[in-house]
Amino acid sequence: ATISVSPKETMNTNSVKIFWSFNVEKNLPHAHFSCLFFYLYLFFRRPGEQKHLKELPSLQWMHLAVVACGNRLEETLIMLKSAVLFSYRKLKFHVFAEDSLKPEFEKKLREWPSSYTKKFDYNIYPIAFSVGNAQEWKKLFKPCAAQRLFLPVILKDVDSLLYVDTDVLFLRPIDDIWRFLKEFNSTQLAAMAPEHEIPKIGWYSRFARHPYYGTTGVNSGVMLMNLTRIRNAQFKNSMIPTGLTWEEMLYPLYQKYKNYITWGDQDLLNIIFYFNPECLYVFPCQWNYRPDHCMYGSNCKGAEEEGISVLHGNRGVYHDDKQPTFKALYEVIRDFPFEDNLFQSLYYPLQSKFLDTVHTLCGRIPQVFLKQIEKTMKKVYENRVIVHMGANYRY
C-alpha cells in the first residue's frame with residue numbers, strides 16, 4: 001500500500017488517531033508503522049509543536065497510601081501495578097504493612113522493570129496507632145484497616161494523599177482523580193464516593209444504628225485527603241460542645257459508637273462527616289465502582305456514560321466466581337507483562353474473558369468496564385509516542 005501526503009499538509013493530534021487506527025485497532029505490524037509515524041510527524045509537524053515538546057510539564061509527586069495485613073500482599077501489588085501502568089506524574093507509595101510482609105514487598109517491587117520503577121518511590125511503615133488501644137484498633141472491622149484514620153497524624157510532611165483499599169484497581173491515571181483536590185472549596189478536606197446510589201436498597205439507609213453522611217453514607221475504600229487541612233481543622237462532634245482536632249477525636253468517637261458500628265473505620269468516617277458535612281467533597285460513583293453498582297442491575301450513571309475510572313473489588317470478588325467480570329479485570333492486570341503491548345496483552349485478553357461473564361448482570365454491561373480503560377490505553381500509547389519523539393529528536 002502507498003500513503004501519499006501533500007507537502008503542504010501538517011500533522012496534528014489527528015495523526016496520532018490515524019496511526020492508532022492503523023497500528024493498533026487493525027492489529028498490523030507494530031514496528032513499521034511506528035517508524036513511519038515518527039518520520040511523518042517530524043517532517044510535517046507545525047513549528048509551534050517543537051516548543052510544546054520541549055515544555056512537557058515538570059513532574060510532581062502524587063502520594064498513594066495503602067494498608068496491607070494478612071494475605072493482602074498480592075492484591076496490594078496488583079493495585080500498585082495498575083497505578084504505575086497508567087499514571088503520568090511520579091508516584092510516592094506509602095505502604096503500611098505488618099513486619100512479616102515488608103521483605104516480600106521490597107523484593108517484588110525490585111523485580112519490576114526499571115522503565116516503571118523510575119516512575120515511583122516508596123516507603124514501608126509498620127502498623128501504628130497514635131492514640132487508644134492498638135489491639136482494639138487493629139481488630140476493628142478488617143485487620144489493620146483502621147490505620148487509615150491515623151494517616152494525617154503519621155504522615156506529617158505529606159500535604160495531600162490518596163488512600164485506597166488493597167482491592168482497588170485503577171483503570172485510568174491517578175493524575176485524573178488527583179485533580180479533584182483543586183475542586184475542593186475552602187472548607188472541604190476529603191473526598192469519597194457514595195456507599196450506594198439508591199437509598200431504598202442502600203445499607204446505611206436501611207440498617208445503620210449510628211449517624212452517617214447524606215442519604216446513603218459514603219464508602220471509604222477510595223479516599224482523597226488534604227492532610228494539611230485535616231491536621232489544622234477543628235471538628236464538630238457529639239461528645240463536647242467545642243471542636244476537637246482529628247487526633248483528639250478518634251478514640252473518644254470510637255468508644256462512644258463501638259457497640260453500634262458494623263463497618264469499622266468507614267462507619268467512624270461517616271459519623272465524622274455527618275457532623276461536618278461541609279468538609280466533604282463527594283465524587284461520582286465511577287471513581288469507586290463496586291459489585292453493588294451492577295449485581296442487582298446497573299445503577300451508576302456516571303460509569304454508564306464514561307466507563308469505570310476506579311474499580312473496587314470488595315466482597316472478595318477477585319478470588320471467587322460470584323462476580324467474574326471483576327475477577328477478569330484483576331487477573332488480566334495481574335498477568336500483564338509490564339513491557340508488553342497494552343492492547344495485545346491486556347485489552348484483547350480482557351475482551352475474551354468478558355465473553356464468559358455474560359450470564360451475570362455485571363457481565364451484561366461490558367462497555368461500562370471497557371470504555372474508560374480503552375481510552376486510558378490510547379492516551380498512554382499516544383503519550384509515549386510523543387514523549388519518545390521529544391526525547392530523541394534533535395532540532
Side-chain angles (χ1 to χ4, degrees), residues 71-72 74-75 78-79 82 141-142 145 164-172 177 192-208 212-223 261-267 269-270 282-334 346-347 349-374 376:
N71 61 354
R72 298 288 180 149
E74 183 189 85
E75 271 191 2
I78 305 310
M79 181 276 292
S82 71
F141 185 43
K142 292 181 180 178
V164 295
D165 286 348
T166 60
D167 51 11
V168 159
L169 294 172
F170 295 98
L171 306 188
R172 67 188 291 177
I177 193 170
M192 289 182 277
E195 172 65 22
H196 214 288
E197 299 301 299
I198 304 172
K200 67 180 181 181
I201 59 174
W203 193 91
Y204 283 108
S205 51
R206 292 186 295 161
F207 304 118
Y212 57 89
Y213 178 87
T215 57
T216 62
V218 285
N219 184 282
S220 61
V222 179
M223 185 177 180
I261 58 177
T262 302
W263 307 113
D265 53 312
Q266 176 173 294
D267 290 346
L269 289 167
N270 267 280
V282 180
F283 48 64
C285 50
Q286 65 265 32
W287 295 94
N288 185 350
Y289 191 92
R290 285 158 278 121
D292 299 82
H293 288 120
C294 59
M295 60 190 291
Y296 306 116
S298 182
N299 60 61
C300 177
K301 296 298 181 186
E304 292 172 7
E305 294 170 1
E306 300 180 12
I308 298 166
S309 297
V310 179
L311 191 77
H312 185 180
N314 64 349
R315 299 175 177 264
V317 293
Y318 297 150
H319 311 294
D320 60 33
D321 297 318
K322 293 179 181 178
Q323 297 299 331
T325 316
F326 284 76
K327 186 177 182 180
L329 264 161
Y330 178 81
E331 291 180 343
V332 166
I333 294 175
R334 180 194 66 194
L346 197 154
Y347 189 75
L350 188 57
Q351 283 183 315
S352 178
K353 280 179 174 284
F354 275 12
L355 294 175
D356 298 325
T357 72
V358 294
H359 62 285
T360 67
L361 286 175
C362 295
R364 292 175 189 173
I365 49 171
Q367 70 281 2
V368 169
F369 289 83
L370 293 172
K371 186 182 295 185
Q372 188 58 240
I373 195 171
E374 180 182 11
T376 297

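Remember, it's a predicted structure, so these values are computed and weren't measured experimentally.
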In Å and rounded to the nearest 0.5 Å, what is the [atom1] to [atom2] distance from [X] to [Y]?
X    : Y    : atom1 : atom2 : answer
L329 : L370 : CG    : CG    : 7.5 Å
W263 : F207 : CH2   : CZ    : 10.0 Å
M295 : Q323 : CE    : CD    : 5.0 Å

Can you confirm whether [X] sits close enough to [Y] that some side-chain heavy atom of one is under 4.5 Å from a side-chain heavy atom of the other?
X    : Y    : result
L171 : T376 : no
Y296 : I198 : no
Q266 : N270 : yes
H312 : D167 : yes
V218 : E195 : no
M223 : L269 : yes
D321 : K327 : yes
M192 : N288 : no

Nearest heavy-atom pair of [X] and [Y]: which atoms, and what distance?
X    : Y    : result
C294 : I365 : CB-CD1, 3.9 Å
G297 : L361 : N-CD1, 3.7 Å
P366 : R364 : CD-C, 3.2 Å
Y318 : E75  : CD1-OE2, 4.0 Å
N314 : P291 : OD1-CD, 3.0 Å
P194 : R290 : O-NH2, 2.8 Å

**OP:** Using the test side chain to side chain donor-acceptor pair (under 3.5 Å), find all partners of E74 that sit at least two apart in sequence or belong to another chain.
**Re:**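 Residues passing side chain to side chain donor-acceptor pair (under 3.5 Å) with E74: Y330.
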Subject >> Test side-chain contact (heavy atoms from CB on, under 4.5 Å) applied to T325 and L350, V358, T357, the passing residue >> reply: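 The single option meeting the side-chain contact (heavy atoms from CB on, under 4.5 Å) with T325 is T357.
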Subject >> Result of checking T215, N299, N219 against H196 for side-chain contact (heavy atoms from CB on, under 4.5 Å) >> reply: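 With H196 as partner, T215, N299, N219 yield a single side-chain contact (heavy atoms from CB on, under 4.5 Å), made by N299.
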Return all side-chain donor-acceptor pairs below 3.5 angstrom for residues 304-311, not counting sequence neighbours, or 'none' if the list is empty.
unit_1, atom_1, unit_2, atom_2, d
E304, OE2, S298, OG, 2.4
E306, OE1, Q286, NE2, 3.4
S309, OG, R172, NH1, 3.1

Could you tell me which residues satisfy salt bridge (Lys or Arg N to Asp or Glu O under 4.0 Å) with [X], sequence neighbours excluded, listed by chain and number?
X    : answer
K353 : E331
D165 : R148
R315 : D292

Subject >> For F369, all residues meeting ring pair (Phe, Tyr, Trp, His ring centres under 6.0 Å), sequence neighbours excluded >> reply: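 Checked F369 against ring pair (Phe, Tyr, Trp, His ring centres under 6.0 Å); matches are Y289, F326, F354.
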